Amino acid sequence: MTNEQLCEYIKQGGSDELIPLLWERVRKLLYMRSDKYYSRFKDACDSSGIASQDIKQACYSAFLKAVEGY
């Protein structure tokens, strides 16, 4: 089953148990991108009190919004 198909099943409702499965499939990519973002803007993040882990935690919220918007 593709990520797109999983997303469709989740959006149809009643398939919330598929959210963790889809998350595990995209988590590595999102964490990789968040690490690149943090590295690029490290000084700004540090001066604002934002840690790399904060950005990774925000990835899950962004993931859920992306599923809703798909």
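Basis for what follows: all heavy atoms, side chains included, without hydrogens, waters or symmetry-related copies. Nothing fancy with the numbering, it's 1 onward along the sequence. Just so you know, these numbers come straight off a predicted model, no measurement behind them.
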Are [X] and [Y] linked, directly or through other ILVMFWY residues, by side chains that come within less than 4.5 angstrom of each other?
| X | Y | value |
| --- | --- | --- |
| Tyr37 | Ile50 | yes |
| Val26 | Ile55 | no |
| Met1 | Tyr70 | no |
| Leu18 | Phe63 | yes |

How many angstroms lie between [atom1] in [X] and [atom2] in [Y], if you round to the nearest 0.5 Å?
| X | Y | atom1 | atom2 | value |
| --- | --- | --- | --- | --- |
| Leu29 | Ser34 | CG | OG | 9.5 Å |
| Ile19 | Cys7 | CD1 | SG | 9.5 Å |
| Leu21 | Asn3 | CG | CG | 8.5 Å |

Quick one: side-chain hydrogen bond (donor to acceptor under 3.5 Å, both in side chains) partners of Glu68, sequence neighbours excluded? none

Could you tell me which non-hydrogen atom of Glu24 sits nearest to which non-hydrogen atom of Arg27, and how far apart they are?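 Scanning both residues, the minimum pair turns out to be OE1-NH2, 3.1 Å.
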
What heavy-atom pair brings Leu6 and Arg25 nearest, and what distance separates the two atoms?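 Closest heavy-atom pair between Leu6 and Arg25: CD1-NH1, 3.5 Å.
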
Test item: Leu30 and Trp23 side chains (from C-beta on) under 4.5 Å apart, heavy atoms: yes

Student check: side-chain heavy atoms of Val67 and Leu22 closer than 4.5 Å: yes

Please set out all donor-acceptor pairs under 3.5 angstrom arising from side-chain atoms of residues 39-46, sequence neighbours excluded.
from  : atom 1 : to    : atom 2 : distance (Å)
Ser39 : OG     : Asp35 : O      : 3.0
Lys42 : NZ     : Asp46 : OD2    : 2.7
Asp46 : OD1    : Tyr38 : OH     : 2.7

Would Glu8 and Lys11 pass as an ion pair if we require N to O under 4.0 Å? no

